[in-house]
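Positions are given from 1, in the same order as the sequence printed here. The analysis underlying the following values was restricted to heavy atoms, covering all of them including side chains, and did not include hydrogens, waters or symmetry mates.
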Amino acid sequence: MFELKKVKFKDIISIEHLSIGDSGLTMIMGPSGSGKSTLLKMLDNLISPDSGDILYKGDNIKTYKAHALRRKVIMQSQFPAIFDGDVRDNLNIARKFSDIDALDDEKLKELLDIVLLDKDLNDNPKDFSGGEKTRLSIARVLAMDAEVYLFDEPTSSLDEETEYKLISNVIKYLKERDKKIIMVSHSEKLFSLADQVISIKNKTATIKEA
């Protein structure tokens with residue numbers, strides 16, 4: 001799916017070669033400040049390496065226009081954005097930005113169930129707690145029909161039990177649709193779900209199949 005060749009970014013990451021599998025869940029682990037989020041952002045071309053190449057399905061991601069890449073590779077950040085409007089508007093807004101038809105209410109309610117968010121589509125998310133906003137943001141990412149889903153510690157604001165159940169639901173939903181998932185997390189419990197693990201240490205990355 002992704003291949004990194006001689007990729008360097010500042011004094012944070014220096015990867016000679018890294019290949020990320022085409023399917024299933026790849027987890028990225030490493031100590032704080034090791035470059036996990038940096039790697040994830042480079043895969044979505046939010047930041048560019050100082051040198052080296054990142055390939056997506058054999059093509060250098062530099063050849064993609066930003067909007068075209070984001071249709072294929074979508075990222076959920078650590079700090080979810082909440083937009084004006086109700087829950088329905090927030091779930092469909094990324095599709096609107098990408099000129100994709102809005103999902104109907106039945107499908108939107110299914111997404112809310114997956115992220116364990118017991119809210120009405122007409123509710124105003126401005127009044128939600130931090131954890132509820134996080135769940136809504138994850139559901140918004142799921143609403144996109146991307147090929148790859150990047151998650152940067154998406155559930156750090158949730159308790160461990162809720163986090164595991166929610167992420168298990170998300171992974172099951174995406175795997176059933178043959179989507180690729182790449183996730184950064186500090187939760188050791190979540191690593192039991194991984195098909196592949198990338199460990200970042202001393203600026204470089206090593207990989208193993210789970």
Side-chain angles (χ1 to χ4, degrees), residues 1-22 24-83 93-94 97-98 133-134 136-157 163 167 170-171 174 179-187 190-191 194-207:
M1 183 67 72
F2 288 98
E3 187 175 9
L4 287 75
K5 299 179 179 180
K6 300 183 183 301
V7 168
K8 292 185 178 183
F9 182 79
K10 298 183 178 179
D11 194 36
I12 300 174
I13 280 182
S14 179
I15 298 174
E16 185 67 19
H17 183 262
L18 182 68
S19 181
I20 299 177
D22 291 343
L25 169 64
T26 295
M27 296 288 291
I28 303 175
M29 65 182 298
S32 296
S34 61
K36 301 183 299 297
S37 295
T38 297
L39 174 57
L40 213 61
K41 290 175 182 177
M42 287 196 295
L43 295 180
D44 202 26
N45 205 23
L46 291 172
I47 57 175
S48 299
D50 297 324
S51 60
D53 297 302
I54 300 176
L55 309 181
Y56 174 65
K57 291 188 172 181
D59 296 321
N60 196 310
I61 62 171
K62 294 177 183 177
T63 64
Y64 283 91
K65 292 184 178 179
H67 72 278
L69 182 64
R70 305 285 144 67
R71 289 280 295 268
K72 298 176 181 293
V73 182
I74 190 166
M75 182 171 174
Q76 156 74 15
S77 71
Q78 295 183 41
F79 309 104
I82 297 298
F83 298 88
I93 195 164
F97 288 158
S98 297
K133 289 177 180 178
T134 293
L136 178 62
S137 181
I138 294 171
R140 181 170 61 234
V141 169
L142 295 182
M144 295 297 291
D145 187 26
E147 297 174 353
V148 182
Y149 290 77
L150 308 176
F151 294 101
D152 190 0
E153 298 190 52
T155 50
S156 57
S157 63
E163 176 187 44
I167 294 301
V170 168
I171 292 169
L174 293 176
K179 306 297 186 180
K180 175 65 184 178
I181 312 136
I182 304 174
M183 183 180 300
V184 170
S185 176
H186 286 292
S187 171
L190 290 178
F191 279 85
D195 301 289
Q196 184 182 57
V197 175
I198 296 171
S199 176
I200 302 181
K201 188 177 181 180
N202 298 327
K203 297 189 290 186
T204 192
T206 56
I207 197 162

For the atom pair [atom1] ([X]) and [atom2] ([Y]), what is the distance rounded to the nearest 0.5 Å?
{"X": "E163", "Y": "L190", "atom1": "CD", "atom2": "CG", "answer": "4.5 Å"}
{"X": "E147", "Y": "K57", "atom1": "CD", "atom2": "NZ", "answer": "3.5 Å"}
{"X": "I171", "Y": "D195", "atom1": "CD1", "atom2": "CG", "answer": "8.5 Å"}
{"X": "L174", "Y": "L25", "atom1": "CG", "atom2": "CG", "answer": "9.5 Å"}
{"X": "I12", "Y": "T38", "atom1": "CD1", "atom2": "OG1", "answer": "4.5 Å"}
{"X": "E3", "Y": "I20", "atom1": "CD", "atom2": "CD1", "answer": "10.0 Å"}

Find out whether K41 and M75 are in side-chain contact, i.e. whether some heavy atom of one side chain is under 4.5 Å from a heavy atom of the other.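 When only atoms from C-beta onward are counted, M75 and K41 do touch, with a gap below 4.5 Å.
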With side chains defined as the heavy atoms from C-beta onward, is the minimum distance between L43 and L4 less than 4.5 Å?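 A side-chain contact under 4.5 Å exists here.
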Taking all non-hydrogen atoms of both residues into account, name the closest pair between [X] and [Y] and its distance.
{"X": "I167", "Y": "M183", "value": "CG2-CE, 3.8 Å"}
{"X": "M42", "Y": "I13", "value": "CE-CD1, 4.1 Å"}
{"X": "S137", "Y": "Q76", "value": "OG-OE1, 2.8 Å"}
{"X": "F151", "Y": "I138", "value": "CE2-CG2, 4.3 Å"}
{"X": "G30", "Y": "H186", "value": "O-CE1, 3.9 Å"}
{"X": "I207", "Y": "S19", "value": "CD1-O, 3.1 Å"}

Taking side-chain hydrogen bond (donor to acceptor under 3.5 Å, both in side chains) as the test, write out the residues that go with [X], two or more places apart.
{"X": "D53", "answer": "N60"}
{"X": "D145", "answer": "K179"}
{"X": "K180", "answer": "T26"}
{"X": "D152", "answer": "S37, Q78"}

For [X], give me all partners under side-chain contact (heavy atoms from CB on, under 4.5 Å), at least two apart in sequence or on another chain.
{"X": "T204", "value": "none"}
{"X": "S34", "value": "P31, K36, I200"}
{"X": "M144", "value": "I74, A94, R95, S98, I100"}
{"X": "K133", "value": "I82, F128"}

Output every pair passing ring pair (Phe, Tyr, Trp, His ring centres under 6.0 Å) with a member in residues 34-61, not counting sequence neighbours, ordered by first then second residue.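 Every ring pair (Phe, Tyr, Trp, His ring centres under 6.0 Å) pair that includes a residue of residues 34-61, provided the two are not neighbours, is F2-Y56.
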Under 3.5 Å donor-acceptor, Q196 side chain and G21 backbone: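 A pair under 3.5 Å: yes.
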Counting neighbours of CG on N202 that are heavy atoms of other residues, nucleotides or ligands and sit closer than 6.0 Å, is the number greater than 12?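 12 or below, so no.
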All salt bridge (charged side-chain N to carboxylate O under 4.0 Å, His left out) counterparts of K201, not counting sequence neighbours: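 None.
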Which residue pairs pass the side chain to side chain donor-acceptor pair (under 3.5 Å) test when at least one of the two sits in residues 61-70, sequence neighbours left out?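 Sorted pair list: D44-R70.
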Test side chain to side chain contact (heavy atoms under 4.5 Å, CB included) on L150 and V141; report intermediate values, then the result. CA-CA 9 Å; L150 308 176; V141 169; over 6 Å; no
Considering only residues two or more places apart or on different chains, which pairs with a residue in residues 7-19 satisfy salt bridge (Lys or Arg N to Asp or Glu O under 4.0 Å)?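 Pairs touching residues 7-19 that pass the test: K6-E16, D11-K203.
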